[in-house]
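See below for the structure under consideration.
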2 protein chains.
Amino acid sequence: MNSAKPWMHCVPDMPITLDGDGPLHEQIRKAFARKISARDLKPGDRLPFEHELVRSLNTSRMTVSRALQALAEDGLIVRRRKAGSFVAEQTAFETPVTIHVPRNQIEAAGKRYGYKRLSKAKMTPVSQGSANHVLHLVCLHTADEKPVLLEKRWINLDAVPAAADETFKGLPPGEWLLRNVPWNEAEHTISAIGADEETATCLQIKPGTACLKVDRRTWSGDASITHVSLIYPGDQMKLAGQYRPGQQALSAP
Amino acid sequence: MNSAKPWMHCVPDMPITLDGDGPLHEQIRKAFARKISARDLKPGDRLPFEHELVRSLNTSRMTVSRALQALAEDGLIVRRRKAGSFVAEQTAFETPVTIHVPRNQIEAAGKRYGYKRLSKAKMTPVSQGSANHVLHLVCLHTADEKPVLLEKRWINLDAVPAAADETFKGLPPGEWLLRNVPWNEAEHTISAIGADEETATCLQIKPGTACLKVDRRTWSGDASITHVSLIYPGDQMKLAGQYRPGQQALSAP
DNA sequence: CAGTGGTCTAGACCACTGC
DNA sequence: CAGTGGTCTAGACCACTGT
């Protein structure tokens, strides 16, 4: 029986070519990122051991280790003690999507930012466990007087009692929370919906128009802070993300 | 005149409390992430200098430096030579969105994956500079025989001539490209569209139904490889992202 | 020009794990 | 149990930058 396992494979002749640009650990990282990106190293292939790279590159172990750890953090390789470092299998991939605070986003586009609170109401939720009292807000954000974002928000008054005293007539609740309430965990969901009657009226679009909906739930420890639905007319808003070469996991083209 | 500038502010008494769990550099990183998350340290505040932390924590500079560099990579702090490390201002934030290979995503949900190539055609694009010949594909992905994803793809035959000889009848083009073509850069756009007649027919939904559209453009160096539009019925597909505590930049609740 | 972070070295000990 | 990566130390020199 052949004892050579597929994941033990290591390209026999692997000259590491550094580009001489920037810090040494970054050059090493880029060199392997290039090889992986170009399929010169394939998923499952073993990289040289740290001590081999230390010898061949005539450097110290910290420098090599830093390069390989960066690759591991980016998901390009997997490191296992006693076994070595291996090119990661490619299944899913993650792309960073940037979601801006409405005011910044609109002003960055060179437009005049406008804000209006449409409604504010205290509620006692029928379902949900943690919150006894909830503040519900509906707000409209405009760019050059044109509605571009409908915000439906629920704030947990048990966790944020001070919110009950705020009118939110001048300051959007997102910005108020940002300044006043600490949080440490958030969850996002992006989906597409057809505008219902109320949404369509607020955004001055036809009912049924496709809209992008971003749901964000925010926690502080175990306590739920707020849940917000941001509804953008689909043709006016796009969320964009970009890879930087060799800095992310690979995926399906 | 008072020479103390606002960004020079540093909380005078800043006891760093480590939780004693895990590597030291990680404990230090978490300690400051906690302080920032809880607004104990506010945007613009200066963190202690490296040499101060080395003294107060009785450790080495490499360890402190590694913790602070991790915070800088996560966007929680900004580091400036000669000035110090400061809590970052919070404007936008990024959330990682996971986009799976259709087959994996459907099979992970415990459903039967199905695939059908609807059309394949060579085209000569009227606009666009880099590609003279383009292969256009329309494919349908199903879960338990139900259409869940329409894929419209364009492949640059100048960069990937081998694609012309593939039928793509059994193997989705995304998986074929993943196995055969290296790439190193990708750009994503997420938007909402109403289904047109053709899309609605393919996905067996009513025309005008809101759909989530993910556009991905892929490059290898300067050469464009492929552009794909993935169209999901809005109610069936959500893209989800999540923060891990203290590992990401802060933003608007 | 002085003080900060950025990088690097040559060691060390330890935890885990595959054999 | 031997070999790998994970972490850490106590130094060093350098680049940048604010004053």
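Computed from a predicted model, the values in this text were never measured in an experiment. In what follows, chains carry the letters A, B, and so on, assigned in the order in which the sequence lines appear, proteins first and then strands, with residues in each chain numbered from 1. Only heavy atoms go into these numbers, but all of them, side chains included; no hydrogens, no water, no symmetry mates.
Using a 4.0 Å heavy-atom criterion, one finds that Leu68(B) contacts no nucleic acid atom at all.
Whole-Å rounding puts the His25(A) NE2 to dC8(C) C1' distance at 9 Å. When the C1' atom of dA15(C) is taken as reference, atom CG of Leu24(B) falls 17 Å away, rounded to whole Å. Going from atom CD of Gln69(A) over to atom C1' of dG6(D) covers 7 Å, rounded to whole Å. Computed from coordinates, the Arg81(B) CZ to dC16(D) C1' distance equals 5 Å when rounded to whole Å.
Between the side chain of Arg61(A) and the base of dG5(D) there is at least one donor-acceptor pair of N/O atoms closer than 3.5 Å. Judged by distance alone, with hydrogens and angles left aside, Arg66(A) brings no side-chain donor or acceptor close enough to the base of dG6(C) to form a pair under 3.5 Å.
DNA chain C is contacted by both Met62(B) and Phe49(B); Phe49(B) maps to the nucleotide lying nearer its 5′ end (nearest heavy atom per residue).
A salt bridge between Arg55(A) and Glu52(A) is absent, with no side-chain N of the basic residue lying under 4.0 Å from a carboxylate O of the acidic one.
Judged by distance alone, the side chain of Asp144(A) and the main-chain N or O of Lys111(A) form no donor-acceptor pair under 3.5 Å.
The closest side-chain donor-acceptor pair between Ser224(B) and Arg217(B), if any, does not fall under 3.5 angstrom. A donor and an acceptor atom, one from each side chain of Gln69(B) and Arg66(A), are located under 3.5 Å apart.
Comparing dT4(D), dG5(C), dG5(D) by their nearest atom to the side chain of Glu50(B) picks out dG5(C).
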